[in-house]
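Here's the structure, in structure tokens; my notes come after.
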Amino acid sequence: MTKTPSMQLRRLGNSDLRLSALGLGCWQFSNGQGLVGKFWPAMSKEVMRDIIQTSLEGGINWFDTAEAYGGGQSEQLLAAMLKELGGTLADEARIATKWWPAFRTAGSIPATIDERIRQLDGRTIHLYQVHSPYSFSSVKAVMKEMASLAVQRKVQYVGVSNFSAQQMREADRVLREYGLRLAANQVKYSLLDRTIERNGVLETAQELGVAIIAYSPLMQGILTGKFHENPSLIRSIKGPRKWTPAFRPSGLEQSRPLIEELEHIASHYNVAPTQVALNWLVNAHGEQVFAIPGASKKHHAEANVKALEFVLTAEEIDRLDRCSKQVLGMK
């Protein structure tokens, strides 16, 4: 298959990593374990393997996991499936994982890194991220420990998640003292959540050369349009997301015009609305934004990679931009 521009690898922010515009979010590989992992039911290893294989063969070359996803279960199962699959694509896959800061100090960063490496079966941690800014330590103290890991070559590059514009600046400032740069900030971002465009995060990331990694790029399934077509499906959702405002009748009506626009554009490319939504996300800001949709079934992974097989026109990107802003009440 001939690769279209959006299937080509792009540089992740201030790093030398060359990644696909889409990675695979691996929260769902938590094996149903832990407080955070219980958001998803456990899935079979066969399904995990199919999801990972489909992702790799479709052009995705990196996977985003975290210590908090099942207390290391996601890391462990991801590494095991990559090892089982073998071959060049699996062997050369890039790994991003995260340190969990809640109720901890910066001192737990060096104290727990060997466990992260063990859970990943010795695979290289290409991007190590601070899962949130909410630890008992300052951003400065946390980033000093993260920098130390990079200097020791226990991780390749340093990133953050859910950091504000000011916290990003401080993180990058501290890393510069060690000859390093902040590579990425992983934040919630989609056509139905554009907060980072209003709070200075996107603007600051552009200024500093920091990549944005968008999680919840499909707004937990709202952008599929299936709940608008059949609201009764909401009752079958496992986990707490069904109670969020976006899934209420008023929320579905509010987002309906955007779903209709996505469906209209999708019909032109013979793809699904989700694929158009993902394509917009990774192309609306040049090559700065990456996205990490999850997949709990093989056909979800197949849908993800299909989003890399076309590129929206500038006019289509603009139409979605305007429609999204109208739905969100943005000027």
Side-chain angles (χ1 to χ4, degrees), residues 12-15 17 25-27 29-31 33-39 62-79 94-188 201 204-205 208 210-211 213 215 292:
L12 182 77
N14 292 308
S15 78
L17 289 176
C26 297
W27 182 9
F29 295 164
S30 298
N31 207 24
Q33 301 296 308
L35 182 63
V36 174
K38 283 185 171 63
F39 192 94
W62 66 288
F63 300 83
D64 182 83
T65 182
E67 175 185 8
Y69 300 165
Q73 285 286 297
S74 174
E75 294 170 321
Q76 183 182 117
L77 290 166
L78 170 63
R94 281 16 184 187
I95 304 293
T97 191
K98 311 178 196 74
W99 168 70
W100 183 247
F103 304 108
R104 283 172 155 177
T105 67
S108 82
I109 295 174
T112 58
I113 188 60
D114 288 341
E115 177 65 7
R116 305 277 59 75
I117 295 171
R118 186 188 71 80
Q119 293 282 23
L120 287 165
D121 196 28
R123 294 186 69 100
T124 298
I125 297 175
H126 297 90
L127 179 66
Y128 199 39
Q129 303 155 98
V130 178
H131 210 141
S132 81
Y134 307 117
S135 77
F136 287 141
S137 299
S138 66
V139 170
K140 180 178 180 179
V142 167
M143 298 315 294
K144 280 187 173 183
E145 294 294 352
M146 294 291 281
S148 180
L149 296 185
V151 170
Q152 296 173 59
R153 300 187 182 278
K154 290 199 169 185
V155 305
Q156 283 198 347
Y157 296 100
V158 175
V160 295
S161 181
N162 301 304
F163 271 43
S164 68
Q166 182 179 354
Q167 289 163 337
M168 285 171 60
R169 287 187 187 280
E170 175 67 356
D172 190 54
R173 184 193 67 77
V174 175
L175 290 172
R176 284 174 186 255
E177 294 178 359
Y178 294 82
L180 306 170
R181 294 296 307 278
L182 183 65
N185 188 8
Q186 185 175 140
V187 292
K188 191 175 184 181
V201 167
T204 301
L208 297 176
V210 173
I213 299 175
Y215 68 80
I292 46 171

When you measure from the side chain of [X] to the backbone of [Y], do you find a donor-acceptor pair of N or O atoms at a distance under 3.5 Å?
| X | Y | value |
| --- | --- | --- |
| Gln152 | Ser148 | yes |
| Ser137 | Ala106 | yes |
| Asn162 | Pro133 | no |
| Ser74 | Cys26 | yes |

Tell me the closest heavy-atom pair linking [X] and [Y], and the distance in Å.
| X | Y | value |
| --- | --- | --- |
| Leu180 | Ala150 | CD1-CB, 3.8 Å |
| Ala184 | Ile213 | CB-CD1, 3.8 Å |
| Ala96 | Gln129 | CB-NE2, 3.6 Å |
| Gly13 | Ala211 | N-CB, 3.5 Å |
| Ala165 | Thr204 | CB-OG1, 3.3 Å |

Checklist entry - Could you go step by step and tell me if Val174 and Lys144 meet the side-chain contact (heavy atoms from CB on, under 4.5 Å) rule? => result CA-CA 7 Å; Val174 175; Lys144 280 187 173 183; 3.8 Å; yes
Less than 4.5 Å apart, any side-chain heavy atom of [X] and any of [Y]?
| X | Y | answer |
| --- | --- | --- |
| Ile113 | Ile125 | yes |
| Phe163 | Leu182 | no |
| Phe29 | Thr65 | no |

Test log, rule side-chain contact (heavy atoms from CB on, under 4.5 Å), inputs Gln156 and Arg94 = CA-CA 11 Å; Gln156 283 198 347; Arg94 281 16 184 187; over 6 Å; no
(Q) Looking at Arg176 and Asp172, is there a salt bridge between them, counting it only when a charged N and a carboxylate O are closer than 4.0 Å? (A)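 Counted as a salt bridge, because a side-chain N and a carboxylate O are separated by less than 4.0 Å.
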Can we say Glu67 and Arg116 salt-bridge, meaning some charged N sits less than 4.0 Å from an Asp/Glu carboxylate O?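 Between Arg116 and Glu67 there is a salt bridge, with a charged N closer than 4.0 Å to a carboxylate O.
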Margin query: Determine whether Arg181 and Leu208 satisfy the following criterion, side-chain contact (heavy atoms from CB on, under 4.5 Å), listing intermediate values before the conclusion.
Written below: CA-CA 9 Å; Arg181 294 296 307 278; Leu208 297 176; 4.2 Å; yes
Straight-line distance of [X] [atom1] to [Y] [atom2], nearest 0.5 Å:
| X | Y | atom1 | atom2 | value |
| --- | --- | --- | --- | --- |
| Trp62 | Leu127 | CH2 | CG | 7.5 Å |
| Gln119 | Thr112 | CD | OG1 | 11.0 Å |
| Trp99 | Met146 | CH2 | CE | 8.0 Å |
| Ile109 | Tyr128 | CD1 | OH | 7.0 Å |
| Ser15 | His126 | OG | NE2 | 10.5 Å |
| Ile95 | Asp64 | CD1 | CG | 9.5 Å |

request  = Give the C-alpha distance, both sets of side-chain angles, the deciding distance and a yes or no for side-chain contact (heavy atoms from CB on, under 4.5 Å) between Thr97 and Leu78.
outcome  = CA-CA 11 Å; Thr97 191; Leu78 170 63; over 6 Å; no
- Message: If you count every heavy atom of other residues, nucleotides or ligands that lies below 6.0 Å from Glu177 atom CD, does the total exceed 12?
- Response: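 Counting other residues, nucleotides and ligands, CD of Glu177 exceeds 12 neighbours.
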Tyr69 and Trp27 aromatic ring geometry - parallel, tilted or perpendicular at 30°/60° bounds:
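Ring orientation, 0 to 90° scale: parallel.
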